[in-house]
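Side chains are part of it too, since the values below use all heavy atoms of this structure and drop only hydrogens, waters and symmetry mates.
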Amino acid sequence: MTPLEETTFFGYLRWIPALPLIGFLINIFSARGETGHGRASKVHWIACLAPFGSFLIALLSFSRLLELAPEARRLTDTVFTWIAAGDFTANLSFSMDPLSAVMTLVVTGVGFLIHVYSVGYMHGDRAYARYFAYLNLFMAMMLLLVLGDNLLLLFLGWEGVGLCSYFLIGFWYEDPEKAYAGLKAFVVNRIGDFGFLLGIFLLFWSLGQKGIWTIDFHTIQAHASLLSPTVITAICLLLFMGAMGKSAQFPLHVWLPDAMAGPTPVSALIHAATMVTAGVYMVARMHFLYVTSDFAMQWVAWFGAFTALFAATIGICQNDIKKVLAYSTVSQLGYMFVGVGVGAYAAGIFHLMTHAFFKALLFLGAGSVMHAVSGETNIQKMGGLRSKMPWTFGTFLIATLAIAGFPPFSGFFSKDEILWQAYASGHGSTALWAVLWIGAAITSFYMFRLTFLTFFTKPRDHHLHDHAHESPSVMTIPLALLAVGAAVAGFLGIPDSWGLGHNLFEGFLEPVFGKPHHGGHFSHSTEALFVGLSVAAGLAGLILAWVFYVRSRDIPVRLARSFPLVYRILLNKYYVDEIYDFLFVRPIRVLSEKIFWKILDAGIVDDGMVNGTARFFQGAARLLRRIQAGDVQSYGFAMIVGVLAIVGFMLLQ
Amino acid sequence: MTHESLVLSIILFAIGVIGFLVRRNAIVVLMSVELMLNACNLAFVAVSRQLMDMTGHIYAFMVMTVAAAEAAVALAIVVLIFRTRGAVNLDQINIMKG
Amino acid sequence: MIQAIAFYLFAATAVVFALLVVAARNPIYSALSLIGCLFAIAGIFALNSAHLVAILQILVYAGAIMVLILFVIMLLNLSPEELGKPVFNTRKVLAVFLLAAGGALLIGRLGTKVWGSLPAADDRFGSIEGVGMVLFTQYLLPFEMVSLLLLAAIIGAALLSRRERGDRS
């Protein structure tokens, strides 16, 4: 694996994150009180043009990249030297290689569509300008993350997107629950970031011990072989801790379902397409470290697999449309981590891309539905909406088919590739594949459950049904565009072994990840068998959902009654939040209140030191005050005594 | 003569100080102060005679002048206090008590 | 010879009157005793060849300042009850004791006859001429400043004792 040694300077790269940043600055300082009404609403024009501009420049960069020979596909743009300390320098510099090109295009493309959708969704909101400002800031930070040339910039973007996530989740902060959800996201993220930082420090310091002081990806990759395997494993595990927080893997997944308190386009952008994928990107970017540590890769893969199954099981019982999608995201991220965990980095990134399309589409569709039924999110109250909102229904169906892995949609190709690699790759195993396969079946089940309950069957709440209407075109056009992506993006990644041509996606990423080692000793028929099994899983889920929710609607009710404990555990998401509350939140709260606040702060600092000083001086003053008796003769007496003392002293010398 | 004058000066000064500390009537206290000043004048003059230097006389002159000025102002204050508080008894004039 | 007798006479007078100043209950008695004391001291001044200072003592001190004090005493017009009873407190006893001790110490330290005999003095020493010569040449500045001081005292005293409108006391 030789890194991309040769680089080409491309000065436009800096504008990709800069344009949204400028958009943020303009919107946050001006345009107060704009609500999207009226002709003069510059806010959404500025806010949407910024990511569109970034998208165009990204396309330009991409085409420039294609002009270069594969081994030399790396563009750089160094803006200035940020830190210069002896041997060590860190620059504010961007670089685009195939991996970051894919990420940038996804982020800017899907991001732009979501911006347009938001114009319709957030229409009339009091804090319209603030919303778009934060959205632009998020774009800038995410682009900084993927385009940054060194770990410092990656971490800066990492923290930046976490911050924007906090802003946007708690966007309607007047509701304390929503504000708390934002806080929860940030705090849980922070826990992961703690490990992330330790990993960065360990990496920096270990390399430094060998004489190389750097945090540039390129230089680290060149010298990675200097580090001992134990150190590399430790670094990988610590970095993965950050990925667990950011990408909502077990046990740090708890913030993502609560994050649904934010506006739906935010959920689409941040918690489906971009921010949560930062963890996957990071592992892919540091693949040269993970590849040398078998243990770390197994760790990543199994955590991903477990999360995938875990979250899927929760999803089958949720009744809030956004929560189902949230758990689905957690689950699909697990798949991505399995992909990178077994060494199939291209497959993981491919699923990242297709997931961005169909998950964003699902969220935006859910937003469209919520828009139509006046904000109701309980799917048990919906039904029969497909006649009322055809566009939303159509695109939602495409997305569901994609996520369930039905050919020829995109999800089929990407998920199938991951499942295959989970079995066939050198780091994979049958057990791993089995977990993912069951998960796939469950995914298909809960997604079709969602679709059936929302769009099919008779409406359960006629009042809502009567008022339902299709969303305006500013919302439905992005849906349509995303649906196109969800439908056809898969064709970029048809595996070679199918004989239909090269896997374009994998080939494009080859300079970064090296030649992929397929499980060569498996025959085509084995591969075909596994493909069939994947499709079968999807079909099983579909049929089961249809039976449960369309044919005989009382089966799920009877099942819930027969297995009340299981149902309750699943409905309450395995009580993870409650466990955390008991283990961590409550002790810390008690500690803070009883000890740190009452005893230390109020008692010792406030009362002891501040008030105590005052009390001391008051007491001293009370004593000293007695000197002032108020009559002249005492003063005179004191003076006389003093004079006599001096005179006596002088005389007796 | 110088020696005796100085001894006398010390005695008069001591008596003046005792009067200053012991008496409660403000005016008598003031008079004790005048007594003290006179004792000082006596000392100045005696030593000046011994050393044959006129400086002592000049000092005495100045002290007398200052005593006059001080007596005038002090008495004005005493009158004022008597007007506002109705007494010149120092025990009753202690509003500056801390 | 005559000088010694005169001196001791004047000294005794001064001490007696001084004690009366401190001890008398009636402030009038104190004031009158002080006048007597001042006269005695003036005599001692004269014995020390400080002729001008002696005359000034009688004229200014006894003649003006004490008269002023007497005026004020009579103005206040205190009745015997208001004069109050003598109160003993530790401060006073302690003060007396300390001063006695201090005085004795000083006197003892002075030693006897340490100064030697008086040098001869001409007529000019201590006379108006002598004082004038020094006052208006060497000590001109203090002289002028003291006049300013007197001005300030006049203004201060006048201001302090101004009657407010409608103040009847």
Side-chain angles (χ1 to χ4, degrees), chain B residues 1-8 10-19 21-25 27-28 30-32 34-35 38 41-42 45-46 48-50 52 54-58 60-62 64-73 75-80 82-84 87-89 91, chain C residues 7 11 14-15 18-19 21-22 27 30-31 34 37-38 41 44-45 47-50 52-53 56 60-61 64-65 68-69 72-73 75-76 82-84 91-92 95-96 99 103 106-107 110 112-115 118-119 121 125-126 130-131 134-135 139 142 146 149-150 153 156-157 160-161 169:
Chain B
M1 173 110 81
T2 309
H3 177 78
E4 289 92 344
S5 301
L6 285 175
V7 170
L8 178 64
I10 291 172
I11 294 173
L12 287 176
F13 189 84
I15 295 176
V17 173
I18 292 173
L21 292 176
V22 168
R23 291 302 297 258
R24 283 168 308 129
N25 190 323
I27 303 182
V28 175
L30 190 63
M31 287 196 277
S32 309
E34 301 294 341
L35 188 53
N38 270 284
N41 269 357
L42 183 54
V45 163
S48 156
R49 175 66 178 90
Q50 172 71 34
M52 289 306 284
M54 290 300 293
T55 311
H57 291 220
I58 304 296
F61 192 80
M62 298 298 159
M64 231 183 276
T65 319
V66 169
E70 165 232 332
V73 177
L75 287 168
I77 293 176
V78 168
V79 168
L80 261 180
F82 182 72
R83 256 193 239 158
T84 53
V88 287
N89 190 331
D91 291 340
Chain C
F7 178 80
V15 173
L19 286 170
V21 169
V22 173
S30 290
L34 187 56
C37 185
L38 290 173
I41 293 178
I44 302 179
F45 280 163
L47 282 171
N48 273 309
S49 310
L52 179 64
V53 182
L56 280 179
V60 173
Y61 231 121
I65 297 177
L68 178 62
I69 291 180
V72 173
I73 295 174
L75 177 71
L76 293 183
E82 285 164 331
L83 287 174
R91 183 164 32 103
K92 294 179 183 171
V96 173
L99 280 159
L106 261 178
I107 294 173
L110 269 182
T112 51
K113 311 276 191 256
V114 71
W115 295 97
L118 285 177
F125 184 81
V131 174
V134 185
L135 186 62
Y139 298 102
V146 128
L149 177 72
L150 285 172
L160 279 173
S161 43
S169 73

Region of L42(B) in contact with chain C, defined by heavy-atom distances below 4.5 Å =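 Both the backbone and the side chain of L42(B) come within 4.5 Å of chain C.
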Which portion of A60(B) sits near chain C, non-hydrogen atoms under 4.5 angstrom |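 Interface part for A60(B): side chain.
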Nearest non-hydrogen partners of V53(C) and M64(B), listed with the distance |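 Closest approach of V53(C) to M64(B), heavy atoms only: CG1-CE, 3.7 Å.
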Separation between CG of L68(C) and CG of L75(B), rounded to the nearest 0.5 Å =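 Answer for the CG-CG pair, L68(C) versus L75(B), is 5.0 Å.
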Is chain C contacted by the side chain of I15(B), its backbone, both, or neither, given a heavy-atom distance below 4.5 Å?
->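 Contact with chain C is through both the backbone and side chain of I15(B).
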How long is the span from the OH atom in Y61(C) to the CG atom in N41(B), to the nearest 0.5 Å?
->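 Y61(C) atom OH to N41(B) atom CG measures 6.5 Å (nearest 0.5 Å).
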Measure across S30(C) and M31(B) and return the closest heavy-atom pair with its distance rounded to 0.1 Å.
->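 Looking at all heavy atoms of both residues, the closest pair is CB-CE, 3.5 Å.
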Between E34(B) and chain C, which part of the residue has a heavy atom less than 4.5 Å away: side chain, backbone, both or neither?
->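 Looking at E34(B), backbone and side chain both touch chain C.
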Quick one: what part of L135(C) sits under 4.5 Å from any heavy atom of chain B, side chain, backbone, both or neither?
->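 The answer is both parts of L135(C).
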How would you list, by chain and number, every residue that makes a ring pair (Phe, Tyr, Trp, His ring centres under 6.0 Å) with F7(C), sequence neighbours excluded?
->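 None.
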Answer whether the closest heavy-atom distance between the side chains of L52(C) and H57(B) falls below 4.5 Å.
->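 Heavy-atom side-chain distance check fails, nothing below 4.5 Å.
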Contact origin within I65(C) toward chain B - heavy atom pairs under 4.5 Å |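 The answer is the side chain of I65(C).
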Give, as side chain, backbone, both or neither, the part of V73(B) having an atom under 4.5 angstrom from any heavy atom of chain C.
->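 Contact with chain C involves both backbone and side-chain atoms of V73(B).
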Side chain, backbone, both or neither: which part of A31(C) has a non-hydrogen atom closer than 4.5 Å to chain B?
->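 For A31(C), heavy atoms of backbone and side chain both lie under 4.5 Å from chain B.
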CG-CZ distance between L76(C) and R83(B), expressed to the nearest 0.5 angstrom =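 Rounded to the nearest 0.5 Å, the CG-CZ separation comes out at 11.0 Å.
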Looking only at heavy atoms, which two atoms of G126(C) and M54(B) are closest? And how far apart?
->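 Residues G126(C) and M54(B), closest heavy atoms: N-SD, 3.8 Å.
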Can you name the side chain to side chain contact (heavy atoms under 4.5 Å, CB included) partners of T55(B), sequence neighbours left out?
->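 Applying side chain to side chain contact (heavy atoms under 4.5 Å, CB included) to T55(B) gives D53(B), Y59(B), Y139(C).
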Would you indicate whether the side-chain heavy atoms of I41(C) and L8(B) approach each other to under 4.5 Å?
->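 Sidechains of I41(C) and L8(B): no contact.
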Minimum heavy-atom distance between I44(C) and S5(B), given as atom pair plus value =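 Scanning both residues completely, I find the closest heavy atoms to be CG2-OG, 4.4 Å.
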Which pair of heavy atoms, one from L160(C) and one from I77(B), lies closest together, and at what distance?
->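 So the minimum-distance heavy-atom pair works out to CD1-CG1, 3.6 Å.
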